[in-house]
Amino acid sequence: DWITSDRMQLIDVTDRINEIVRKSGVHDGIVHLQSLHTTTAVFLNEWQDALLHDVKTFLDSFVKRENYFRHNDPQYSDCERKNADSHLRGMLMGQSLCLQVRNSAVLLGTWQAIILAEFDGPRSRSMSVQVSGV
């Protein structure tokens, strides 16, 4: 679980996922990560301040919060959060990852980090982590 503090927030969850993998006892296998929310995402990318800013800017410009969405219109929807943009961002980025486990750690490239993206915060968020293998 994570508590977010901003409407759009990126969180590096790599160390926490690696800790779960280590504690699982699996040496070689697969770790499956799944966000349990439609307004969050989990993805791989470089954890670098300028790039993280660019990711947020891109998503803000690609799916503008102020656009008209039926999900936000009381005539069509009972959603009080007016968060259609958050759902669309989550859909674009994806809610799951399946990664290899090697030597009791998540196999990642040199610059890869596992990132949990919050698009409708601040909220309490959960991710399911399943480790399989030997």
Side-chain angles (χ1 to χ4, degrees):
D1 293 324
W2 288 266
I3 305 294
T4 62
S5 55
D6 296 322
R7 185 158 200 284
M8 186 186 302
Q9 183 175 349
L10 304 176
I11 304 165
D12 184 348
V13 299
T14 309
D15 290 342
R16 191 142 168 221
I17 300 304
N18 264 320
E19 179 183 335
I20 292 168
V21 168
R22 259 190 316 281
K23 287 181 177 179
S24 76
V26 170
H27 188 265
D28 292 298
I30 297 290
V31 59
H32 181 258
L33 311 172
Q34 179 180 332
S35 168
L36 300 179
H37 310 279
T38 59
T39 56
T40 63
V42 61
F43 64 97
L44 292 179
N45 214 314
E46 182 176 346
W47 188 259
Q48 194 264 350
D49 288 341
L51 180 60
L52 299 172
H53 179 271
D54 292 341
V55 168
K56 290 182 194 178
T57 300
F58 170 76
L59 289 168
D60 271 339
S61 67
F62 195 70
V63 182
K64 295 182 184 301
R65 185 173 186 191
E66 61 273 4
N67 282 0
Y68 172 80
F69 300 105
R70 278 190 176 202
H71 181 69
N72 297 345
D73 187 337
Q75 182 178 348
Y76 298 99
S77 173
D78 61 356
C79 180
E80 296 174 4
R81 289 192 65 85
K82 301 202 181 306
N83 61 354
D85 61 307
S86 303
H87 287 284
L88 295 172
R89 290 174 183 150
M91 178 190 71
L92 288 171
M93 298 300 291
Q95 278 97 19
S96 67
L97 285 177
C98 192
L99 303 168
Q100 293 182 46
V101 172
R102 295 241 183 111
N103 300 318
S104 302
V106 180
L107 180 63
L108 294 171
T110 302
W111 303 110
Q112 288 182 321
I114 304 167
I115 301 170
L116 174 65
E118 166 68 81
F119 298 126
D120 193 30
R123 307 205 47 183
S124 175
R125 297 307 196 165
S126 300
M127 186 185 315
S128 173
V129 181
Q130 184 177 37
V131 187
S132 306
V134 294

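The shortest side-chain heavy-atom distance between F119 and D85 does not fall under the 4.5 Å cut-off. In this structure the side chain of L88 reaches within 4.5 angstrom of the side chain of M91, judged on heavy atoms. Residues D60 and R89 are in side-chain contact: their nearest non-hydrogen atoms beyond the backbone lie under 4.5 Å apart. Side-chain contact check for T14 versus W47: every heavy-atom pair is 4.5 Å or farther apart. Looking at R102 and V21, their side chains never come closer than 4.5 Å, going by heavy atoms from C-beta outward. Two residues are said to be in side-chain contact when any heavy atoms from C-beta on lie closer than 4.5 Å; I3 and P122 fail this criterion. By the 4.5 Å heavy-atom criterion applied to side chains, H27 and N103 are counted as neighbours.
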Tell me which donor-acceptor pairs under 3.5 Å the side chains of residues 51-58 have, and how far apart each pair is, sequence neighbours excluded?
| from | atom 1 | to | atom 2 | distance (Å) |
| --- | --- | --- | --- | --- |
| T57 | OG1 | H53 | O | 2.9 |

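Note on V106 and F43: separate hydrophobic clusters, where clusters join Ile, Leu, Val, Met, Phe, Trp and Tyr whose side-chain heavy atoms are under 4.5 Å apart, directly or indirectly. By the rule that hydrophobic residues join a cluster once side-chain heavy atoms approach within less than 4.5 Å of another member, V129 and I30 end up as members of separate clusters. By the criterion of side-chain heavy atoms lying less than 4.5 angstrom apart, applied directly or through intervening Ile, Leu, Val, Met, Phe, Trp or Tyr residues, I20 is grouped together with V31 in one hydrophobic cluster.
With rounding to the nearest 0.5 Å, the separation of CD1 in I17 from CG in D12 is 10.0 Å. Annotation: the span from L116 atom CG to T4 atom OG1 amounts to 8.5 Å, rounded to 0.5 Å. Note that CD1 of I115 is 12.5 Å distant from CD of Q9, once rounded to the nearest 0.5 Å. Going from atom CD of Q95 over to atom NE2 of H37 covers 10.0 Å, rounded to the nearest 0.5 Å. Going from atom CG of L36 over to atom OG of S126 covers 5.5 Å, rounded to the nearest 0.5 Å. Separating the CG atom in N18 from the CG atom in L108 is a distance of 6.5 Å, to the nearest 0.5 Å.
Between the S104 side chain and the R22 main chain, no donor and acceptor come within less than 3.5 Å of each other. Checked by atom type and distance alone, the side chain of S96 never pairs as donor or acceptor with a backbone atom of Q34 at under 3.5 Å. Formation of a donor-acceptor pair under 3.5 Å by the R81 side chain with backbone atoms of D120 is found in this model.
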Evaluate the criterion side chain to side chain contact (heavy atoms under 4.5 Å, CB included) for residue pair L99 and L44; output intermediate values, then yes/no.
CA-CA 10 Å; L99 303 168; L44 292 179; 3.8 Å; yes
Verdict with reasoning, N83 to R7, per side chain to side chain contact (heavy atoms under 4.5 Å, CB included):
CA-CA 10 Å; N83 61 354; R7 185 158 200 284; 4.0 Å; yes
Please assess K64 against F62 for the test side chain to side chain contact (heavy atoms under 4.5 Å, CB included), listing each intermediate value before the final yes or no.
CA-CA 6 Å; K64 295 182 184 301; F62 195 70; over 6 Å; no
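Between C98 and H32, the shortest heavy-atom distance links the atoms CB-CD2, 4.2 Å. When all heavy atoms of N72 and A84 are compared, the closest pair comes out as OD1-N, 3.1 Å. Nearest approach of V26 to V101, heavy atoms of both residues: O-CG1, 4.0 Å.
Among the candidates R16, E118, R123, the single residue satisfying the side-chain contact (heavy atoms from CB on, under 4.5 Å) test with W2 is R16. Just one of I114, V13, T40 meets the side-chain contact (heavy atoms from CB on, under 4.5 Å) condition when paired with M127; it is V13.
For CG of D6, the number of neighbouring non-hydrogen atoms (other residues, nucleotides, ligands) closer than 6.0 Å is greater than 12. Sparse packing is recorded around CG of D15, with 12 or fewer heavy atoms of other residues, nucleotides or ligands lying under 6.0 Å away.
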